[in-house]
Amino acid sequence: MKTIQINHIAKTEGHMSFVGALLEGDFAQARIETEEGARLLEGVLLNRQYYEAPIVTARICGVCPIVHNLCSIKALESALNVSPTKEILVLRKILLNGQWIHSHALHAFFLAFPDIVGISNDLNLVKKYPAESKLAIELRKWALDLCAVIGGRTTHPINSVVGGFNVAPELDKMKELMARLPEMLEIAKKIFAFLSKFKLPRFENPWTFASLKNGKEYACYDGKIHLSDGNEFITPELAMHEIEERTIPSEKVKRVFHNDQTIMTSSLARINTNFKQLNPAAKKAWQSLKIELPSYNSFQNIFAQAVEILHSLEELQKLFEQYERLQKASGFESKLKVAFVPNPGKGSAVMEAPRGILYHHYELDNQGNILYSNIIPPTTIFLANLERDLTAFLPTVSKLPEKKRNLLIKTLIRAYDPCISCATH
Amino acid sequence: MNKKISIGLFSLTSCEGCYFSILERIEDFLDLKGKVEIKNFRLIGEEEHFPPEKFDVAFVEGSPLTEENMKNLKKIRSASKIVVAAGTCAQLGGIYHMKNYQDKEKLFNNIYSDITGIENYDVVPIAKVIPVDFNLPGCPVTASEFLDFVHQLLIGKKPYIAERPVCYECQIRGYECVLQKGDKCLGPVTYAGCGAICLKSKQGCWGCRGFYDEAENGNLMKKLKEKYSEKEIIKLLEVFGVKEDLK
């Protein structure tokens, strides 16, 4: 038996190592060992006030705090019977698309793409591809600024709370950012054209995939969970009955299964599920890749992210138009916050984080104290699937020189965009 | 200028939000390259430089929550001239510090009922484990304070953040006083430098940067007690781990 260990995999959110074993013939085992300590976040929230949850859960993750904040708010509003106004929903959707863009720009270009060209340090990437790096930085910066104008700050938002927003975004700053949207679309097209020239490893290992789906749009903020096995739809309320969380000795991250199968959730899963609802430029970009759908090549998640950047920018075009209309109407600011009183109740919510489906659930007493909470981030959902992919991939690279083999293993791991801070929470 | 100073950015158990916050100004961060040697930063590169290799300055983010975290923290200390606690978790315990106020065995069993082999430590500031030279406060730290800090080191100055309360920065920006309005706010006693960013969004300060040196809590507590119970005030002080610093 030959074992392969890769310690402390860098350029991911959170800490992990890879352990693989090749047994006789083509039989392999692969495991991800997570290395974050026990923060026990769901426990931390017990007996604390509901309004602390969006602030506390944002701090699960430094790269996707916005989606934790929003999903937490959505679940709490469901428990508290709060209905956000359309003004609130538009701003939340702008925030969420901004979150997708800045996370994808970072991951696709700076964390995952360097693997494809065998560059291990981004300082060297910036040297080798200065023009493209500059564009990726500019696009990311624009999206970060957009999130900061609405959320009050990018890392760990402040302004977005249960019931809506504390203050309206500064109008002149919004206008400035909106005016630059066409320029960002051009940049995103250039980045996609650049990335799509590179060849990704060929590897298919059909998996069950899950994404949110709804009749209105490429699901992001809203939808039911759609599972590809049996074409099932699950409401957020029933999510916990339909999936199974399994514990593993010494492992903080539970593994998620549906009908005994591992699940893929990601940008690629979303494109598989909702391709028809992609916006035109994004759709055209994906078609230019000539990749048949559904794709089960997890490496292609990096292309899916680059396509979703385009989609989100096109979506923002529509959302900005709605925002402008609503913002001009009288009483706009007063419609950004809905009044309510705490009441006992339960609420669940799902949302598409950059990395896939995110689930938050809370139970409150009549004072607004949290009695129970449960959070399932996308990395928890897909980790068992990543291990399944790695198990199948290992025999195909076992004869390669060590350096090349290890790079390919890390390439596959990073293509998933795993967030171990989220998964351990 | 003399030879470049070497910098290591290390993470213990954390959300890594402090380092993502620094990356929000990646162009300024990359500009540092000419002046400092960035020896360890896992978000941008794979090369692991780790003690016994030496560092002029080590930034440490997060909480020591595993045996491995503890060991690394001690190694970082012994290999570095200056150790900086970066962010609230490292400096004060941070959000996850709240775990200590509950029965952590019970919490653990609620989440992992049937498995063993997972360490379940109390959340402590890193200064409880190793001597710390400086704090870079905030949840998360701000890119501008990080860059200022590095620039001060480069010109041979002792890094310094002015000792004054968040209220100072709130008032000069003309933000509405939420404490006067009756909201919970720790602005009068909290170390400024954040630009009163939460107050800009009308969110009261919850003290993520810790109390400044000469902070007088008495008056603030009196003010808060007009509207809130002792228990509510304590819960507020627990969020970012400043309860223990109350004088």
Side-chain angles (χ1 to χ4, degrees), chain A residues 8-15 35-49 52 55-56 58-63 65 106 110-111 120-124 126 137 140-141 144 148 151-159 161 165-167 247-252 254 410 421 424, chain B residues 11-21 23-27 30 33 38 42-48 62-66 68-69 94-96 98-99 101-102 104 106-108 110-121 123 139-140 197-198 200-203 206 232 235 238-239:
Chain A
H8 314 308
I9 296 172
K11 291 198 290 170
T12 57
E13 224 283 298
H15 302 70
E35 293 158 353
E36 297 286 329
R39 298 181 289 174
L40 309 183
L41 188 111
E42 286 127 328
V44 161
L45 286 170
L46 294 180
N47 302 312
R48 303 205 66 96
Q49 278 286 304
E52 293 179 37
I55 293 174
V56 170
R59 284 155 172 91
I60 288 175
C61 173
V63 75
L106 175 75
F110 291 104
L111 303 180
S120 62
N121 192 303
D122 284 341
L123 299 177
N124 298 330
V126 173
I137 288 172
R140 181 170 144 80
K141 183 128 186 43
L144 289 168
R153 173 170 67 190
T154 310
T155 307
H156 306 333
I158 304 156
N159 191 29
V161 297
F165 292 90
N166 284 345
V167 296
T247 51
I248 301 172
S250 304
E251 249 300 318
K252 272 168 270 331
K254 296 172 188 178
K410 286 187 281 189
S421 308
T424 47
Chain B
S11 287
L12 308 173
T13 295
S14 67
C15 74
E16 294 187 272
C18 289
Y19 293 158
F20 280 110
S21 187
L23 285 184
E24 282 174 26
R25 278 179 56 186
I26 190 166
E27 62 289 19
L30 293 175
K33 242 183 356 175
I38 301 157
R42 59 177 300 282
L43 291 179
I44 64 166
E46 289 215 80
E47 301 78 12
E48 251 196 349
S63 310
L65 269 178
T66 64
E68 183 85 10
N69 283 165
I95 283 269
Y96 302 104
M98 284 191 280
K99 169 179 153 184
Y101 304 130
Q102 312 239 16
K104 69 174 198 283
K106 206 170 122 196
L107 291 189
F108 184 84
N110 280 344
I111 299 172
Y112 307 103
S113 52
D114 56 347
I115 49 168
T116 54
I118 297 178
E119 302 139 301
N120 189 19
Y121 290 113
V123 180
C139 181
I197 184 113
C198 292
K200 187 180 179 196
S201 290
K202 294 197 197 303
Q203 160 68 53
W206 289 6
E232 283 172 305
K235 286 239 168 191
E238 284 177 354
V239 176

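Model, not experiment: these values are computed from the prediction. So that the names make sense, note that chain A is the first sequence line, chain B the second, and so on, each numbered from 1. The figures that follow rest on heavy atoms only: side chains count, while hydrogens, waters and symmetry mates do not.
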A/N47 vs B/K235 side-chain heavy atoms within contact, under 4.5 Å: yes

Heavy-atom side-chain contact between A/E13 and A/C61 under 4.5 Å: yes

Heavy-atom pairs under 4.5 Å with chain A: which of [options] has the most?
options	value
B/S21, B/S11, B/C18, B/G62	B/S11
B/I118, B/L12, B/L107	B/I118
B/P64, B/C139, B/C198	B/C139

Give, as side chain, backbone, both or neither, the part of [X] having an atom under 4.5 angstrom from any heavy atom of chain A.
X	result
B/E16	both
B/Y19	neither
B/S63	neither
B/L30	side chain
B/K33	side chain
B/I111	both

Relative to chain B, which of [options] shows the most heavy atom pairs under 4.5 Å?
options	result
A/V126, A/I55, A/N124	A/I55
A/I9, A/T424, A/L46, A/L45	A/L46
A/T12, A/L111, A/L40	A/L40

Taking the six-membered ring of B/Y112 as reference, does the cationic atom of A/K254 (NZ for Lys, CZ for Arg) lie under 6.0 Å from its centre and within 45° of its axis? yes

Under 3.5 Å, is there a donor-acceptor pair between the side chain of A/T154 and the main chain of A/L144? yes

Do B/E119 and B/T66 pair up side chain to side chain, a donor and an acceptor below 3.5 Å, judged on atom types alone? no

Distance-only polar pair, side chains of B/S201 and A/N166, donor-acceptor under 3.5 Å: no

Would you mind checking if B/E24 and A/K141 are paired as a salt bridge, meaning a charged N to carboxylate O distance below 4.0 Å? no

Test of understanding: with salt bridge (Lys or Arg N to Asp or Glu O under 4.0 Å), list the residues that count as partners of B/K200, not counting sequence neighbours. A/E170

With sequence neighbours left out, what residues match A/R48 under side chain to side chain donor-acceptor pair (under 3.5 Å)? A/E52, B/E238

Side chain / backbone / both / neither for A/E251 at chain B, heavy atoms under 4.5 Å: backbone

